[in-house]
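In what follows, every chain begins at residue 1, and chains take the letters A, B, ... in the order their sequences are listed.
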Amino acid sequence: MTEEVRVRYAPSPTGFLHIGNARTAIFNYLFARHAGGKFIIRIEDTDLKRNVEGGEESQLKYLKWLGLEWDESVDVGGEYGPYRQMERLDIYKKYWQELLDKGLAYKCYCTEEELKAERETQMANKQAPHYSGKCRHLTKEQIAQYEAEGRKPTIRFRIPDDQKIEFDDIVKGHVSFNSSDVSDFVIVKQNGVPTYNFAVVVDDHLMKMTHVLRGEEHISNTPKQIMLFHAFGWEPPVFGHMTLIVNEQHKKLSKRDNSIVQFIEQYKNMGFLPEALFNFITLLGWSPKGEEEIFSREDFIKLFDAERLSKSPAMFDKSKLEWMNGQYINQLPADEYVKFTIPYLVDAKLLPAQMSPEQLKWAERVVLLYQEQLHYGAEIVQVSDMFFNKSIVNDDLTKDEEKILSGEQVNDVISSFTDELKSLTEWTAEAIAPKIKVVQKETKQRGWKLYMPIRVVATGSQHGPELPEALELLGRDLVLNRLDHYLDVQKTV
RNA sequence: AGGGCGUUGGGCAAGUGGUUAAGCCAAUGGAUUCUCAUUCCAUGAUCACGGGUUCAAUUCCCGUACGCCUUACCA
């Protein structure tokens, strides 16, 4: 009988969900679902100083938003709980005591200052920073002395000498380390809380994890963890170290990096769709077989194969994300699209929160003009600018626009069009369109020379959506005011 | 400094001991359109460098360079 696949995403609540976290979570989720196994979320909150209020809730919230679901965790329970490490201290204690009893770990009385000084000297001498092993063989007297001084010990794991530590990594292949490359590391801090490297091993074993998929920054922790597994006589899980996500400077995405927006919440607020983000993130460091780029969650579950995880770093390409999100926006049904975009205009105070049915209808039509080209929700504000700028004169013309208005035919076109519009009884795109044709006949102007002057004078810009509909939505008064004003100015010149 | 890992067009990225070295994004040019957008077409790589193994190497091996990660009482 084959063992059920069990994998976990183990965030520390030191911040909000960012792209790197999300990717780790997604890959573990896909790995589990593809194999019909279990996906567990465990909270690694052993760094008391760095835990932030609300970090845990926020992470779970946005994971859910992205479309992930988990089988065991702090919120849904499970038979291997508790799923928060600070609630498992008693469990850890039993295991580190075992190590102490067997002589596989020892107490270290060095102070942080001493260790820091040691490290700095080593660095200054261009040596690898390594704990010296000073407290490896303390005598009873020395210990008594330190205790009398009131020093509180940490517990360090005794690294075996010159041992080859090897493992087959799902993505990196065969990796090997020598135990002497790693120094006796701390497994329990002075405050009695275990360190990451210790707690993970105990938890991964007790929670029966079969695979560990995590970021490449953990690869050097792996030999430490494997040695701990061995010390306990446990079977280590299968490891897979995913490449880092790097920024445009090819540096690992760090939470403080401002060159890139990296929190999922921010993307949500900017108007990125969860499906698009899920799709995009999954293609960061992983690729499926074919040529497709757009996949649903179900597609990914079916296709996911950890063997296809890339070995080289994935660069976060913002423009591709925008393109992809645009694809998803474009596929939105009209009513959903409208509900999705209008709030951005309300937030920008371009629309009131409470709208009359006519106003809402108008807003919906405006917004719909841009569905095809919109990359993200908030972009609607810039892109639909011409419908919210009510000024009669545009005194901020671009060079091209000035050139358009300097044409000889412009006055004829504008005055003819103005007359035609004034005769209109009904102000709709359907009624306006034929009038442009009339002007064409009257002035013998067509194409660019016909449309552009009208566009620039009436809408204030050479760019924009289909002219008749734009004019309808701009409204009769505004359009006629602009045209009249233009003609007035021409007369006085 | 030690250890680990990586290097395919501007970005992502597939792929193979013998191929016209996929595809996507971006850029540029062109076609369509009143413009933007859309759509369509086109353009681009001595597969980091040097050496080896081989009839044959982008693919295998070694070295160099460059880059990144790591060496915490952070995870």
Which of the following nucleotides, [options], is nearest to the side chain of [X]?
{"X": "A:T46", "options": "B:C34, B:G23, B:A75", "result": "B:A75"}
{"X": "A:E372", "options": "B:A37, B:C34, B:A75", "result": "B:A37"}
{"X": "A:D47", "options": "B:C74, B:C73, B:U38", "result": "B:C74"}
{"X": "A:H130", "options": "B:C24, B:U71, B:C74", "result": "B:U71"}
{"X": "A:R50", "options": "B:G3, B:C74, B:C34", "result": "B:C74"}
{"X": "A:M452", "options": "B:G3, B:C34, B:C73", "result": "B:C34"}

Could a donor-acceptor pair under 3.5 angstrom be found where the side chain of [X] meets the base of [N]?
{"X": "A:E466", "N": "B:C34", "answer": "yes"}
{"X": "A:D317", "N": "B:A26", "answer": "no"}
{"X": "A:K311", "N": "B:C5", "answer": "no"}

Separation of the [atom1] atoms in [N] and [M], to the nearest angstrom:
{"N": "B:G67", "M": "B:A27", "atom1": "P", "answer": "29 Å"}
{"N": "B:U7", "M": "B:U58", "atom1": "C1'", "answer": "12 Å"}
{"N": "B:A13", "M": "B:G52", "atom1": "C1'", "answer": "30 Å"}
{"N": "B:U38", "M": "B:C24", "atom1": "P", "answer": "15 Å"}
{"N": "B:A26", "M": "B:G44", "atom1": "C1'", "answer": "13 Å"}
{"N": "B:G63", "M": "B:C69", "atom1": "C1'", "answer": "23 Å"}
{"N": "B:C73", "M": "B:C49", "atom1": "C1'", "answer": "44 Å"}
{"N": "B:U64", "M": "B:G18", "atom1": "C1'", "answer": "28 Å"}

For A:F300 and A:W286, take the angle between the two ring planes, folded into 0 to 90°, and tell me which bin it lands in: parallel under 30, tilted 30 to 60, perpendicular over 60.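 Plane angle over 60°, so perpendicular.
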
Aromatic rings A:F263 and A:F16: how do their planes relate, parallel, tilted or perpendicular, breaks at 30° and 60°?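 Perpendicular, since the angle between the ring planes exceeds 60°.
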
When the nearest nucleotide of RNA chain B is assigned to A:W323 and to A:M315 on a heavy-atom basis, which residue is associated with the more 5' position?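 By nearest-heavy-atom nucleotide position, the 5'-most residue is A:M315.
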
5' priority, RNA chain B, between A:S310 and A:Y370 [closest heavy atom]: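 So the residue in question is A:S310.
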
Check every strand shown and say whether [X] touches a base, only sugar-phosphate, or nothing at a heavy-atom separation below 4.0 Å.
{"X": "A:H218", "value": "base"}
{"X": "A:T154", "value": "base"}
{"X": "A:T14", "value": "nothing"}
{"X": "A:N191", "value": "nothing"}
{"X": "A:L369", "value": "nothing"}
{"X": "A:S183", "value": "nothing"}
{"X": "A:R214", "value": "nothing"}
{"X": "A:L467", "value": "base"}
{"X": "A:E44", "value": "sugar-phosphate"}
{"X": "A:T111", "value": "base"}
{"X": "A:C108", "value": "nothing"}

Is the base of B:C34 stacked against the aromatic ring of A:Y451, taking ring centres under 5.5 Å apart and planes under 30° as the test?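 Here A:Y451 meets both the 5.5 Å and the 30° conditions.
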
If the threshold is 4.0 Å, N to carboxylate O, is there a salt bridge linking [X] and [Y]?
{"X": "A:R42", "Y": "A:D204", "result": "yes"}
{"X": "A:E469", "Y": "A:R365", "result": "yes"}
{"X": "A:D169", "Y": "A:K172", "result": "no"}

Between atom [atom1] in [X] and atom [atom2] in [N], what is the gap in whole Å?
{"X": "A:Q85", "N": "B:A75", "atom1": "CD", "atom2": "P", "answer": "8 Å"}
{"X": "A:N221", "N": "B:G4", "atom1": "CG", "atom2": "P", "answer": "16 Å"}
{"X": "A:F280", "N": "B:A13", "atom1": "CZ", "atom2": "C1'", "answer": "12 Å"}
{"X": "A:Q327", "N": "B:C25", "atom1": "CD", "atom2": "P", "answer": "7 Å"}
{"X": "A:E322", "N": "B:A26", "atom1": "CD", "atom2": "P", "answer": "10 Å"}
{"X": "A:Q373", "N": "B:C36", "atom1": "CD", "atom2": "C1'", "answer": "7 Å"}
{"X": "A:Y131", "N": "B:U70", "atom1": "OH", "atom2": "C1'", "answer": "21 Å"}
{"X": "A:L303", "N": "B:A14", "atom1": "CG", "atom2": "P", "answer": "15 Å"}

Nucleotide paired to [N] in any strand shown, Watson-Crick or G-U, under 3.5 Å:
{"N": "B:U58", "value": "none"}
{"N": "B:A1", "value": "B:U71"}
{"N": "B:U32", "value": "none"}
{"N": "B:A45", "value": "none"}
{"N": "B:G6", "value": "B:C66"}

Can you confirm whether more than 12 heavy atoms, excluding those of A:K435, are under 6.0 Å from its NZ atom?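 Enclosed: over 12 neighbouring heavy atoms sit under 6.0 Å from NZ of A:K435.
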
Is it the case that atom CD in A:E149 sees more than 12 heavy atoms from other parts of the structure closer than 6.0 Å?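 Buried by this count: over 12 neighbours within 6.0 Å.
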
Answer yes or no: does a side-chain N or O of A:R308 lie under 4.0 Å from OP1 or OP2 of B:G15?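 True: A:R308 side-chain N/O within range (under 4.0 Å) of B:G15 OP1/OP2.
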
Does B:C73 have OP1 or OP2 sitting under 4.0 Å from an N or O in the side chain of A:R156?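 Yes, because at least one side-chain N or O of A:R156 sits under 4.0 Å from OP1 or OP2 of B:C73.
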
Side chains of A:E275 and A:S296: is there a donor and an acceptor less than 3.5 Å apart?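 Their side chains do not contain a donor-acceptor pair, so the 3.5 Å distance test is not met.
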
For A:F280, which of A:F316, A:Y328, A:F272, A:W323 qualifies under ring pair (Phe, Tyr, Trp, His ring centres under 6.0 Å)?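 Looking at A:F316, A:Y328, A:F272, A:W323, the match for A:F280 under the ring pair (Phe, Tyr, Trp, His ring centres under 6.0 Å) is A:F316.
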
